[in-house]
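Fair warning: this is a prediction, and the values are worked out from it, not measured in the lab.
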Amino acid sequence: MQNQLPTRKQVKKAGSRIRAYHRGDLPHHDYELALRVVEQYRACFSSPTVNVNNWLRRYARDVGLPVKVSQRLKKVPTIIEKLTARETTLNLLTMHDIGGCRVVLDDLESLRLFEASIKDRRQSQILRVLDYVEIPRISGYRAVHIVLKTQPSGLPVEVQLRTQSMHEWAETSEGFSKDLGRNFKQDGDHPVQEFLAVVADIYFLTDMKKPIPHDLQKRYSETLSEARRSMHVLRAAQGVKQELPLDERI
């Protein structure tokens with residue numbers, strides 16, 4: 001049976017009530033009701049996300065590109081954390097990444113070709129494009145995000161395009177985030193974040209088939225030393241298992 005979509009008013013109100021609860025301004029019973037609306041709203045993204053996954057695979061076959069396509073629905077705790085900690089003025093209705101598909105391509109040329117294919121075929125459905133390849137985050141995160149308005153539901157689904165090296169970087173960053181309970185894809189000044197930002201620059205230059213300059217090699221060595229010292233302490237205190245990505249190109 002198809003999931004029933006809560007009304008826009010109910011969804012918006014649920015997001016506001018969840019914030020109020022985390023500020024201590026809402027009874028637990030009302031929070032539970034709001035949480036139920038969030039869960040219902042999230043479930044409605046399942047079918048649109050599957051549909052986007054299917055046509056991404058079809059587009060890849062049409063243009064002859066080897067790709068790895070995956071999909072996910074943002075977990076409820078992550079939705080709550082985004083509403084209450086990261087983006088505290090965000091309307092739940094405008095959270096565009098509850099449903100998401102990821103496409104990993106061999107190289108930057110393939111990424112741009114696939115991006116152009118999506119824009120050509122789905123131009124009327126594109127709500128926004130965020131090009132973190134052209135303008136990466138301070139953390140080093142790179143990808144192209146294309147938010148599409150799916151039909152007939154009208155729900156947004158985000159498509160992330162990455163090269164293999166961008167994906168490897170993100171997976172490593174997420175490994176540290178899981179171990180330490182801190183989002184290392186977000187900007188910050190932790191020694192591990194600073195090291196990962198340098199690694200991201202190295203990976204990107206490799207994608208661009210450009211040499212790695214001496215100052216970046218030096219920065220790599222410096223931040224690696226700081227990250228190792230930090231990791232030694234963290235392993236002893238928190239049992240961190242994630243390994244630093246040592247780059248054989250340096």
Side-chain angles (χ1 to χ4, degrees), residues 1-8 10-11 15 36-80 82 90-134 141-175 178 185 207:
M1 182 175 68
Q2 190 173 17
N3 292 300
Q4 184 177 357
L5 181 65
T7 66
R8 292 177 62 84
Q10 287 173 325
V11 173
R36 194 174 307 160
V37 173
V38 172
E39 291 168 346
Q40 291 171 344
Y41 183 56
R42 173 186 180 272
C44 293
F45 284 82
S46 180
S47 180
T49 304
V50 169
N51 291 338
V52 171
N53 184 320
N54 288 337
W55 61 251
L56 285 170
R57 294 173 187 273
R58 185 169 67 251
Y59 286 6
R61 289 194 297 269
D62 290 347
V63 295
L65 289 174
V67 300
K68 297 176 184 176
V69 183
S70 59
Q71 69 181 60
R72 64 99 181 99
L73 294 184
K74 187 179 287 293
K75 295 178 180 178
V76 171
T78 308
I79 294 173
I80 303 306
K82 190 169 185 177
L90 179 66
N91 182 341
L92 181 55
L93 286 168
T94 60
M95 188 180 291
H96 287 157
D97 60 349
I98 294 176
C101 292
R102 179 176 298 143
V103 184
V104 180
L105 301 109
D106 287 344
D107 51 38
L108 193 55
E109 182 181 1
S110 298
L111 185 153
R112 291 304 189 191
L113 181 60
F114 199 65
E115 176 190 1
S117 178
I118 294 173
K119 289 178 176 178
D120 180 57
R121 300 183 189 209
R122 297 281 169 165
Q123 184 61 52
S124 64
Q125 292 177 242
I126 294 176
L127 295 174
R128 69 174 180 177
V129 178
L130 296 174
D131 192 337
Y132 294 117
V133 176
E134 187 70 25
Y141 177 81
R142 286 175 170 87
V144 174
H145 293 190
I146 303 174
V147 179
L148 298 158
K149 183 178 181 179
T150 60
Q151 302 297 337
S153 69
L155 293 172
V157 172
E158 182 183 78
V159 177
Q160 295 181 4
L161 307 180
R162 298 175 179 172
T163 65
Q164 183 61 42
S165 62
M166 292 172 192
H167 184 60
E168 289 173 3
W169 181 92
E171 291 288 288
T172 299
S173 178
E174 287 168 8
K178 182 178 179 180
K185 285 199 296 184
D207 275 341

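Using a 4.0 Å cut-off between charged nitrogen and carboxylate oxygen, R142 and D207 do not count as a salt-bridge pair. Salt bridge status for R112 with D131: present, with a side-chain N to carboxylate O gap under 4.0 Å.
A cation-pi geometry, defined here as NZ or CZ lying under 6.0 Å from the six-membered ring centre and within 45° of its normal, holds between R122 and W55.
No hydrogens or angles considered: a donor-acceptor pair under 3.5 Å links the side chains of D107 and S110.
Remark: of the listed residues L127, L93, T94, T150, L127 is the sole one forming a side-chain contact (heavy atoms from CB on, under 4.5 Å) with P156. Of the residues listed (K74, R102, K75), the one engaging D97 in a salt bridge (Lys or Arg N to Asp or Glu O under 4.0 Å) is K74, and it is the only one.
The OG atom of S117 sits 7.5 Å away from atom CG of D62, with the distance rounded to the nearest 0.5 Å. The CD1 atom of I118 sits 11.5 Å away from the CD atom of Q123 when rounded to the nearest 0.5 Å. Atoms OH and CG, on Y59 and L113 in that order, are 14.0 Å from each other to the nearest 0.5 Å. The distance from the CD atom of Q164 to the CG atom of D106 is 7.5 Å, given to the nearest 0.5 Å. Note that CD1 of I79 and CD1 of I98 are 4.5 Å apart. Values are rounded to the nearest 0.5 Å.
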Inset, instruction - Could you walk me through whether R57 and N53 pass side chain to side chain donor-acceptor pair (under 3.5 Å), step by step? - result: CA-CA 6 Å; R57 294 173 187 273; N53 184 320; 2.5 Å; yes
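In this structure, K149 places its NZ atom where only 12 or fewer heavy-atom neighbours from other residues, nucleotides or ligands lie under 6.0 Å away. A 6.0 Å sphere centred on CD of E39 holds more than 12 heavy atoms belonging to other residues, nucleotides or ligands. Within 6.0 Å of atom CZ in R8, 12 or fewer heavy atoms from other residues, nucleotides or ligands are found, so the atom counts as exposed in its surroundings.
Counting only residues at least two apart or on different chains, no ring pair (Phe, Tyr, Trp, His ring centres under 6.0 Å) pair has a member in residues 104-130.
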